[in-house]
Each structure stands twice: as structure tokens, then as C-alpha cells.
Number of protein chains: 2
Amino acid sequence: MKDATDLFFDAFANKNRFDIIMKLRNKELCAGELQRELKIEQTNLSHDLRCLLNCRFIKVRKNGRKRVYSINHETKDLVDEVIKHVKIYEAYLKTCGILNER
Amino acid sequence: MKDATDLFFDAFANKNRFDIIMKLRNKELCAGELQRELKIEQTNLSHDLRCLLNCRFIKVRKNGRKRVYSINHETKDLVDEVIKHVKIYEAYLKTCGILNER
DNA sequence: TTTATATATGATAATATTTTCATATAATCA
DNA sequence: TGATTATATGAAAATATTATCATATATAAA
């Protein structure tokens with residue numbers, strides 16, 4: 001059985017979802033802008049945005065027919081912490097056969 | 001292309017690997033003990049331990065014919081931080097269809 | 001020095017996740 | 001209202017990850 005922490009890592013272990021979080025770290029963007037900047041296919045983007053919304057990592061507001069997404073600032077703080085920390089292990093992570101050779 | 005942060009989340013997004021980290025959080029254990037306590041199949045455990053070692057999240061020392069694993073204390077600190085933080089989102093994570101219904 | 005215990009390795013099978021595809025909805029504009 | 005733009009939904013196909021299996025190695029004890 002997966003607990004909340006497992007699910008947390010699952011949410012961020014997806015490349016598209018993580019890239020969305022990174023894009024939203026410093027500015028809010030609508031779905032179309034995210035699509036253009038990240039080159040994620042439209043329906044995938046929509047699925048991933050819904051996941052991030054469900055988990056409350058991001059939030060959304062309507063603006064005309066656009067939906068503008070922004071990061072939850074507590075999520076941003078934690079991600080910043082992780083990024084800072086991971087830099088220490090960067091070289092090791094990149095040479096781990098099990099994580100890379102696939 | 002995956003960067004170090006992507007790989008970091010991949011490493012922890014695996015249930016077995018995360019359970020190993022949790023077990024090692026407060027005590028050191030040899031492979032056999034981890035196997036018995038977590039009921040992970042032997043070869044899987046070995047693969048996952050190697051991954052965690054490659055990434056320097058854990059370390060190992062020999063003791064006779066056993067190998068005793070322990071957590072890197074910086075990894076422990078970060079994981080503790082994440083766990084503390086994730087509690088806030090627990091209810092949301094557990095009800096995210098995309099992360100759960102599969 | 002043979003045997004038993006503890007752990008590791010690599011290839012394939014099983015399973016889970018992600019992408020694609022067809023289509024739907026919602027808001028605005030002509 | 002009908003067309004257009006922006007985004008969402010759900011199922012099946014494609015792909016990636018994890019588990020299993022057969023086997024190897026390393027250390028210690030008999």
C-alpha cells in the first residue's frame with residue numbers, strides 16, 4: 001500500500017509534471033503557454049495539470065477562456081530545498097546505472 | 001533529458017527503495033535483516049541497495065560475510081523534511097485519481 | 001577444500017506508467 | 001446561434017519500470 005510520501009515522490013518523478021512545476025516556480029502561466037514552452041502534447045499537459053491540482057501543488061484561476069496556473073508557495077519552498085540539496089549528489093545520480101540505463 | 005533532480009525523484013519514487021530508506025532512518029541493518037523486515041525478494045533488494053549506494057543515499061561496511069547498510073545523514077535530514085511537509089498534503093495525495101487509480 | 005551462508009549480476013517476463021487518439025466541454029466572438 | 005479557441009476526459013496503444021529467474025561471487029566455517 002502506498003502512503004502519502006510514496007505518492008508525493010510519484011507525483012514529482014514524472015518528467016512532464018516536474019517540468020511544469022519548474023516553469024511555474026517564478027511565474028504564473030496558462031495551459032497554452034505551458035504547452036508552447038514545454039512542448040508537452042495538449043492532452044498530456046491537461047492530465048498532468050489535473051494531477052498537480054488534485055495534489056494542491058499548483059492552483060488555478062480563470063481568465064476569460066484561459067486557465068492560469070500558479071504554484072502553491074509551500075510547494076515551491078520544498079522544491080527549492082530539494083533542488084539545493086540534490087546538487088550535492090548530482091554527479092552520483094547521473095552515474096547510477098539503475099536510474100539511467102533505461 | 002533527465003537532470004539530477006528528476007533522477008532524485010525517480011530514486012525515491014520506488015516503493016522498495018523508499019521503504020529501505022525508511023528502515024535505515026534510525027538504525028543500520030544488513031541485507032538479510034532488510035529482506036526479512038521488508039519482505040523484499042533477495043535479488044530485488046540487492047538491485048535497489050546498489051541504486052541507493054550509487055546515489056550515495058546510503059553507505060555500507062563489511063562485517064564478516066554480512067554487509068551492513070546505513071543512511072547518509074544528509075539524506076535522512078532531507079527525507080525528514082519531506083515527510084514533515086507531505087503530511088500537509090496527505091489527504092489530497094491520497095485522493096488524486098491519476099496517482100492512485102493504477 | 002568442500003559446503004553453507006550472504007549477497008550480487010544480468011537477461012527476460014510481468015506489470016505499471018505514459019502517450020496517443022478520438023472526442024467532449026466551456027467560454028468568447030462573429 | 002454557429003464557429004473558433006482553449007482546455008478536459010477516457011480508453012487503448014506504446015513504452016518504461018519492476019519482478020522473477022538462473023546463476024555468480026565472496027566469505028566463513030566445517
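Note that the structure is predicted; figures quoted are calculated from it, not measured. Convention: sequence-line order gives letters A, B, ...; per-chain numbering from 1.
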S.K.: In whole angstrom, give the distance that lies between atom NZ of K62(A) and atom C1' of dA6(D).
M.R.: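 From K62(A) NZ to dA6(D) C1': 12 Å.
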
S.K.: From CD of E41(B) over to P of dT12(C), roughly how many Å is that when rounded to an integer?
M.R.: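 Checked: the CD to P distance equals 18 Å.
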
S.K.: Taking only N and O in the side chain of N14(B), is any of them less than 4.0 Å away from OP1 or OP2 of dT17(D)?
M.R.: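 Result: no.
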
S.K.: What is the distance, to the nearest angstrom, from the CG atom on N100(B) to the C1' atom on dT17(C)?
M.R.: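 The distance from CG of N100(B) to C1' of dT17(C) comes to 14 Å, rounded to the nearest Å.
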
S.K.: List in chain and number order the residues that pass side chain to side chain contact (heavy atoms under 4.5 Å, CB included) with D77(A), two or more places apart in sequence or in another chain; answer none if no residue qualifies.
M.R.: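 Applying side chain to side chain contact (heavy atoms under 4.5 Å, CB included) to D77(A) gives H73(A).
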
S.K.: Could you pull out all donor-acceptor pairs under 3.5 Å where a side-chain atom in residues 39-50 of chain A meets a protein atom, sequence neighbours excluded?
M.R.:
residue	atom	partner	partner atom	Å
E41(A)	OE1	T43(A)	N	3.1
E41(A)	OE1	T43(A)	OG1	2.7
E41(A)	OE1	N44(A)	N	3.2
D48(A)	OD1	R17(A)	NH1	3.3

S.K.: Between dT15(C) atom P and K15(B) atom NZ, what is the distance in whole Å?
M.R.: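 Spelled out: NZ on K15(B) to P on dT15(C) is 19 Å.
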
S.K.: Whole-Å distance between dT18(D) P and F12(B) CZ?
M.R.: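 It is 14 Å, rounded to the nearest whole Å.
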
S.K.: Please report the distance, rounded to the nearest Å, between CG in D10(A) and P in dT17(C).
M.R.: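 Whole-Å distance recorded here is 7 Å.
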
S.K.: Tell me which donor-acceptor pairs under 3.5 Å the side chains of residues 86-96 of chain B have, and how far apart each pair is, sequence neighbours excluded?
M.R.:
residue	atom	partner	partner atom	Å
Y89(B)	OH	N72(A)	ND2	3.2
Y89(B)	OH	E74(A)	OE1	3.4
E90(B)	OE2	K94(B)	NZ	3.3
T95(B)	OG1	A91(B)	O	2.9
T95(B)	OG1	Y92(B)	O	3.2

S.K.: Could I get the full list of side chain to side chain contact (heavy atoms under 4.5 Å, CB included) partners for K27(B), not counting sequence neighbours?
M.R.: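 Counting only residues at least two positions away or on another chain, K27(B) forms a side chain to side chain contact (heavy atoms under 4.5 Å, CB included) with L29(B), E37(B).
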
S.K.: Pairs under 3.5 angstrom only: tabulate donor-acceptor contacts from the side chains of residues 56-66 of chain A to other protein residues two or more places apart or in another chain.
M.R.:
residue	atom	partner	partner atom	Å
R56(A)	NH1	N54(A)	O	3.0
K59(A)	NZ	I71(A)	O	3.1
R61(A)	NH2	E28(A)	OE2	2.4

S.K.: Tell me the interatomic distance from D19(B), atom CG, to dT18(D), atom P, rounded to whole angstroms.
M.R.: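 Answer to the nearest Å: 13 Å.
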
S.K.: Could you check how far CG of N44(B) sits from P of dA13(C), rounded to whole Å?
M.R.: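 So the CG-P distance, N44(B) to dA13(C), works out to 17 Å.
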
S.K.: Check whether D6(A) reaches the backbone of D3(A) with its side chain - one donor and one acceptor, N or O, closer than 3.5 Å.
M.R.: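 Yes; at least one donor-acceptor contact below 3.5 Å.
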
S.K.: Write out a two-atom table: protein N or O, nucleotide N or O from nucleotides 3-8 of chain C, distance below 3.5 Å.
M.R.:
residue	atom	partner	partner atom	Å
dT7(C)	OP1	A31(B)	N	3.3
dT7(C)	OP1	R67(B)	N	3.4
dT7(C)	OP2	G32(B)	N	2.7
dA8(C)	OP1	Y69(B)	OH	2.7
dA8(C)	OP2	S46(B)	OG	3.1
dA8(C)	O5'	S46(B)	OG	3.3
dA8(C)	N7	Q42(B)	NE2	2.8
dA8(C)	N6	Q42(B)	OE1	3.1

